K.L.:
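Mind having a look at this structure? Questions to follow.
In what follows, chains carry the letters A, B, and so on, assigned in the order in which the sequence lines appear, proteins first and then strands, with residues in each chain numbered from 1. The structure displayed is predicted, hence computed values, not measured ones.
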2 protein chains.
Amino acid sequence: MADKSGEMELFVRAVALGSFSSAARALTITPSAVSKAVGRLEDRLGVQLLDRSTRSIRLTAEGQVYYLDCLRIVNEIDELERTLLARRNVPHGRLRVNSSVPIARRHLLPILPEFLARYPEIELDLSTSDEVLDLIESSADVAVRISPLQNSSLRARKIFDFRRIVVAAPDYLARHGMPARPADLSAHNCLAFNLKMSLNEWPFIEDGRSFTLPVQGNFRADKGDTLHELAVAGLGIARLANFMIDDDLRDGRLVPLLEDFHPNDTMGVYAVFFPQKHMPARIRCFVDFLIEKLGRYTLRVPQEPARRPASPVAHRVA
Amino acid sequence: MADKSGEMELFVRAVALGSFSSAARALTITPSAVSKAVGRLEDRLGVQLLDRSTRSIRLTAEGQVYYLDCLRIVNEIDELERTLLARRNVPHGRLRVNSSVPIARRHLLPILPEFLARYPEIELDLSTSDEVLDLIESSADVAVRISPLQNSSLRARKIFDFRRIVVAAPDYLARHGMPARPADLSAHNCLAFNLKMSLNEWPFIEDGRSFTLPVQGNFRADKGDTLHELAVAGLGIARLANFMIDDDLRDGRLVPLLEDFHPNDTMGVYAVFFPQKHMPARIRCFVDFLIEKLGRYTLRVPQEPARRPASPVAHRVA
DNA sequence: AGGATTTGTGCGTGCCGGTCACAGGGCGGG
DNA sequence: CCCGCCCTGTGACCGGCACGCACAAATCCT
């Protein structure tokens, strides 16, 4: 497999610049290399392309017609590669994103309009699904997930941390009393998950000792949003991600409980994607954008019950 | 200088055939080579062109646009090379031929129509000039010359041999008598050249001894044609190439003299051209054609005064 | 389930294409 | 007018690249 394009490129340069030497200088190789490349080209084609005198070169009749086509092809290759190289750095194309419903509602939807405005050539497909089933195999380029997936063939970048907070409606607390320590939860109606049972083991620290407390009540659901609504309605106590209930805490519809007993109940939200040798710009830009816009949210994790930083709702566009 | 076209070709074949393996089989290389070539291509472009599963390959979005351009360019290169390769074997283009006037008149002109008919894509430029001055440097592709030029950078192929014959008109002989031996020429009016003086030394063999006899008379000219016409007119004795006087010998306008004394007065007519690594087909064909059509003329050189082979005039087209 | 086929990788090696050095030949300048 | 610079071409040498080989992992088919 001879290097046709290389020989053609050298030939074109030599003709354009008028001599092998100048072409060699332009390409920082030796004149010998140019001479041999053109010679190989001629041998391969079986046609003499250049009449060489010791002082100059001149196109033969065949060389002239070949040169024109050659020039066109070389330029086409060059343009093709430059186009591709340029597009490589311009995010474009269909970007398929998958996340859970709450993360989409509270974090993604508010900032996606800005993302689309910043990268007009990106076409975004957002799908929301429960966290359990969906691998990134659900034909998505990026999944916004809780906890880095154990699948080692994936790569995860942390976007922000969040806390889970035990909360209840003031109404509920007025009726059933405020639990003073974790063990008191056994006397309360705790809203539980029916699919992700591990979420019914609430982690606490008491007297310097870490433990998990199984909770139960008279209602279970498969989605945090459901428990959230029922907690606001005063049905019981729930342990919910802080970003789900920012508004309710601010407006007093929910009240945090037992805050001193689970200071480190934090988890990360990650962008998960296939690592590939040549990462499409749209994926890199999207992940960078998520971290740029949502990374500050990490600051909220330290307990600051009195202060009230900007709510994620502030991200919403008017 | 990476082998762009080679990688492109492999990429196109792999996409077209649907797998690296089939492309490898088609090109009789190993799948490893295909895989590595596509990998190099992707590295160079910084873009992933193919999604590979262990069982199949699939074009990425970037790969699709690249593939189309790639296919076009590969086909263009292929077509360009095939076109050139085909044209290489089809004689075409301007063919510049130079010869002396007598050779052109007596040998070339009769057969050139057939040559042009056989090779319609050849455009023939025939120039005639005296033999002395003109090098092949007179911007001709082929020169039809007497005697292989001493310039060693040229190549010569013999087309046919000819003889020089000492002749006179019957009228002249009737008036001045027929010379019996070379020495008798001193009493005759010998028509001589004024430029190529060497032609005034006539070679003879007498009693097994070779010698040259300087001749002279009252008229000199620079062209054999001139001497020829004057000889026919009965002005004197001339030594002329046999092909110039075939008609006159046949029709009795000239009579050969002293034939037994210069049996080997022969010279060759040669096609002279620049040897080059890739000989243009038009040159090769022309020289072959000359030998094909005129080579038989060699048979005339042995003295056959009685017989009368086909005259070169027979070559003339009706 | 297991064989077969496919893609990818690590290693070794052969060869292509480069540099280097030199020859030959024109054109220009001293 | 001749010397010298610069041009192209060739031969020897050699280094890096690209291929083949063997193996691994994965998936499809039987």
K.L.:
To the nearest Å, give me how far apart CG (B:L49) and P (C:dT7) are.
P.N.:
15 Å
K.L.:
Can you measure B:Q48 atom CD to C:dT7 atom P for me and round it to whole angstrom units?
P.N.:
15 Å
K.L.:
Is the ring pair A:F160/A:H107 parallel, tilted or perpendicular, if the boundaries are 30 and 60 degrees?
P.N.:
tilted
K.L.:
Considering every strand and a 4.0 Å limit on heavy-atom distances, what is the contact class for A:R58: base, sugar-phosphate, or nothing?
P.N.:
nothing
K.L.:
Please say whether more than 12 non-hydrogen atoms of neighbouring residues, nucleotides or ligands are located less than 6.0 Å from CD in B:E201.
P.N.:
yes
K.L.:
Classify the ring geometry between B:F11 and B:Y66 as parallel (under 30°), tilted (30 to 60°) or perpendicular (over 60°).
P.N.:
tilted
K.L.:
Distance check needed: C:dC16 C1' versus A:E7 CD, whole Å only.
P.N.:
11 Å
K.L.:
If I take atom OG from residue B:S198 and atom CZ from residue B:F193, how far apart are they, to the nearest 0.5 angstrom?
P.N.:
9.0 Å
K.L.:
What integer distance in Å separates B:L10:CG from D:dC19:C1'?
P.N.:
11 Å
K.L.:
Contacts to DNA chain D from residues 28-41 of chain B, heavy-atom cutoff under 4.0 Å, which residues?
P.N.:
B:I29, B:T30, B:S32, B:A33, B:K36, B:R40
K.L.:
Using whole Å, report how far CG of B:L27 lies from C1' of D:dG20.
P.N.:
15 Å
K.L.:
Look at atom CZ of A:R72 and say whether more than 12 heavy atoms of other residues, nucleotides or ligands are closer to it than 6.0 Å.
P.N.:
yes
K.L.:
Does a donor on one side chain sit under 3.5 Å from an acceptor on the other, for A:R282 and A:H92?
P.N.:
no
K.L.:
Ignoring backbone atoms, establish whether A:R52 has a side-chain N or O less than 4.0 Å from OP1 or OP2 of D:dC7.
P.N.:
no
K.L.:
Distance check needed: D:dG16 P versus B:D3 CG, whole Å only.
P.N.:
19 Å
K.L.:
Specify the separation, in whole Å, of atom CG of A:D43 and atom P of D:dT10.
P.N.:
10 Å
K.L.:
Per the side chain to side chain donor-acceptor pair (under 3.5 Å) rule, what does the pair list look like for residues 45-57 of chain B, sequence neighbours excluded?
P.N.:
B:E42-B:R52, B:D51-B:R58, B:S53-B:S56
K.L.:
Go through the side-chain N and O atoms of A:D3 and A:S5 and say whether any donor and acceptor fall under 3.5 Å apart.
P.N.:
yes
K.L.:
Would you find more than 12 non-hydrogen atoms of other residues, nucleotides or ligands less than 6.0 Å from A:R157 atom CZ?
P.N.:
yes
K.L.:
Rounded to the Å, how far apart are A:D51 CG and C:dG25 C1'?
P.N.:
16 Å
K.L.:
Shorter than 3.5 Å, N or O on both sides, protein versus nucleotides 24-30 of chain D: list them out with atom names.
P.N.:
from   : atom 1 : to    : atom 2 : distance (Å)
D:dT27 : O4'    : B:T54 : OG1    : 3.1

